Protein chains: 2
Amino acid sequence: MTSSNERAADRAYRMIRADIMSGDLEGGSRLGEANMAERYGLSRTPVREALRRLQSEGLIEALPHRGARVVDWRSLDIAAIYDLRAVVEGFFVRRAAITMPDSEIDRLSGLCDTVERRTAELSLRDPELIDLTAEFNREFHGSIARAAGGEIFAAVRGSVVIGPLVLRTVHDYTREDQQRSNRHHREILAAFRARSPEWAESVMLAHVYSAKTRLLEGREQLLGPASVEAS
Amino acid sequence: MTSSNERAADRAYRMIRADIMSGDLEGGSRLGEANMAERYGLSRTPVREALRRLQSEGLIEALPHRGARVVDWRSLDIAAIYDLRAVVEGFFVRRAAITMPDSEIDRLSGLCDTVERRTAELSLRDPELIDLTAEFNREFHGSIARAAGGEIFAAVRGSVVIGPLVLRTVHDYTREDQQRSNRHHREILAAFRARSPEWAESVMLAHVYSAKTRLLEGREQLLGPASVEAS
DNA sequence: CAGCCGCGAGTTGCATACAGTTTGGGACGG
DNA sequence: CCGTCCCAAACTGTATGCAACTCGCGGCTG
């Protein structure tokens, strides 16, 4: 009963987001409210709310009275965003290593189990796996932020982590990337159990910087080497 | 043309936010959409949008079908928020020391002139001075964030710096606090001119930690010493 | 007397009608 | 032939009516 229990606004949010991720909506595409409403069989109200949410998460940008456009993530200063993310997530994980309760560490460990099992079962590009991985990352790192400083920290993290970048990262995973990412998560939990902020932060920095490198390499392929030099 | 050009949703956002910061809406107050709509002479639609925005910024919390409540800022972990702010603003100022153009440094310097002049002219508790100081702080630190990484960084800063906390800080300024704050701003600009990230960051950290201390002392007065120990 | 069931009040969530604004094209004038 | 002005279409922004859901209170039953 997912569809009946879920709010229409949430459904609209998920569907639009999925279409952006799948590339069905290219960067620069124009999103009209009426257009979207008809496309997903809803009225404009929930679509409007979904667009506002996507806007605050940085997936789309809204022009006054001229509709919304899908953000072209390639134009963002990816290096800067990831450097900021490293600083912030490093700070969070340092605190969480002290404050996160054992029960929550166990819960995250259980989530790791699930992800690793599905990773082994599903094919590399399976949409279900991509979705699961993205969702797990949100949950894992969000939980760390929450343990470090409550809902406000989680909200701050949400504004630092731009959606398209995460999706692109997950989408371009190789098997090796997947396994390294999973190992990072495991090691962070190990550092939590040892209550070692320094250890936890070191792993987290490796985790973020590896993602940054992967993303920059991906951009190099898409745009050509010249553009990378420019930055 | 401010009010006619501005969207009703933005007006609702500003007004509700102002009423929260001014203490007109106490922490824990119940906010009904219809209630707010009548209060500000608007319909429910823009109010609804404003509430969603305030929720995503952490100023209010929404219950499923029972309306929204103002978050009690005194219950927030102020120390944690300011520690995070120190990390983030330190990162910003480090980068801005390299990237901020001379023209922008000059502009901020001019703003400092104005603030210092008005500080000398007006009485300590003059609402105009409090307003001016709060606005100047937003502009000064916002400009640093923008120089460090564009609009995205400015948005992140906005989510870290909770409105009520800043206003409370400014409201409780003593003459000495004012002058120290102004000297900090001047010294940051001096570090920018010298293009020294380390110098700039050191001053910024002093700036943030002094504000944190002031706020914690203020809370001690409001809640009594016992509550401070509890944290 | 205690616990459960059901109904009513009140609130949010959704759909739709209406108004204001922007933009682009076409016609007219130079 | 080109530039300018105006109008209409399309869109967002706003208001309001209606439906769905939650919670609390009162009465009924064991």
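Below, read A as the first sequence line, B as the second, and so on, with proteins coming before strands; counting in each chain starts at 1. Note that this is a predicted model, so its numbers are computed, not measured.
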Open item on the list: Checking A:F136 now: which residues fulfil ring-ring contact (aromatic ring centres under 6.0 Å, His included) with it, not counting sequence neighbours?
Closed with: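 Listed in chain order: A:F140, A:H185.
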Among residues at least two apart in sequence or on other chains, which ones pass side-chain contact (heavy atoms from CB on, under 4.5 Å) with [X]?
X      : result
B:R48  : A:R7, A:E49, B:E33, B:R52
B:E104 : B:M100, B:P101, B:R107, B:L108, B:S143
A:D24  : A:D19, A:S22, A:R39
A:E38  : none

Open item on the list: Walk along nucleotides 11-18 of chain C from 5' to 3' and tag each nucleotide B, S or - by protein heavy-atom contact under 4.0 Å, base first, then sugar-phosphate.
Closed with: -BBSBBB-
Per-pair distances, 0.1 Å, donor-acceptor, side chain in residues 84-99 of chain A, under 3.5 Å, sequence neighbours excluded:
{"residue": "A:R85", "atom": "NE", "partner": "A:E89", "partner atom": "OE2", "Å": "2.9"}
{"residue": "A:R85", "atom": "NH2", "partner": "A:E89", "partner atom": "OE2", "Å": "3.3"}
{"residue": "A:E89", "atom": "OE1", "partner": "A:H141", "partner atom": "ND1", "Å": "3.4"}
{"residue": "A:E89", "atom": "OE2", "partner": "A:R157", "partner atom": "NH1", "Å": "2.7"}
{"residue": "A:R94", "atom": "NH1", "partner": "A:E201", "partner atom": "OE1", "Å": "3.3"}
{"residue": "A:R94", "atom": "NH1", "partner": "A:E201", "partner atom": "OE2", "Å": "2.9"}
{"residue": "A:R95", "atom": "NE", "partner": "A:A148", "partner atom": "O", "Å": "3.0"}
{"residue": "A:R95", "atom": "NH2", "partner": "A:A148", "partner atom": "O", "Å": "3.3"}
{"residue": "A:T99", "atom": "OG1", "partner": "A:R95", "partner atom": "O", "Å": "3.3"}
{"residue": "A:T99", "atom": "OG1", "partner": "A:A147", "partner atom": "O", "Å": "2.8"}

- [ ] Could I get the full list of side chain to side chain donor-acceptor pair (under 3.5 Å) partners for A:Q55, not counting sequence neighbours?
- [x]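 For A:Q55, no residue satisfies side chain to side chain donor-acceptor pair (under 3.5 Å) once neighbours in sequence are set aside.
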TODO: Could you summarise the pairing of DNA chain D as dot-bracket text, marking Watson-Crick and G-U pairs under 3.5 Å with ( ) or [ ] inside the strand and | across strands?
DONE: ||||||||||||||||||||||||||||||
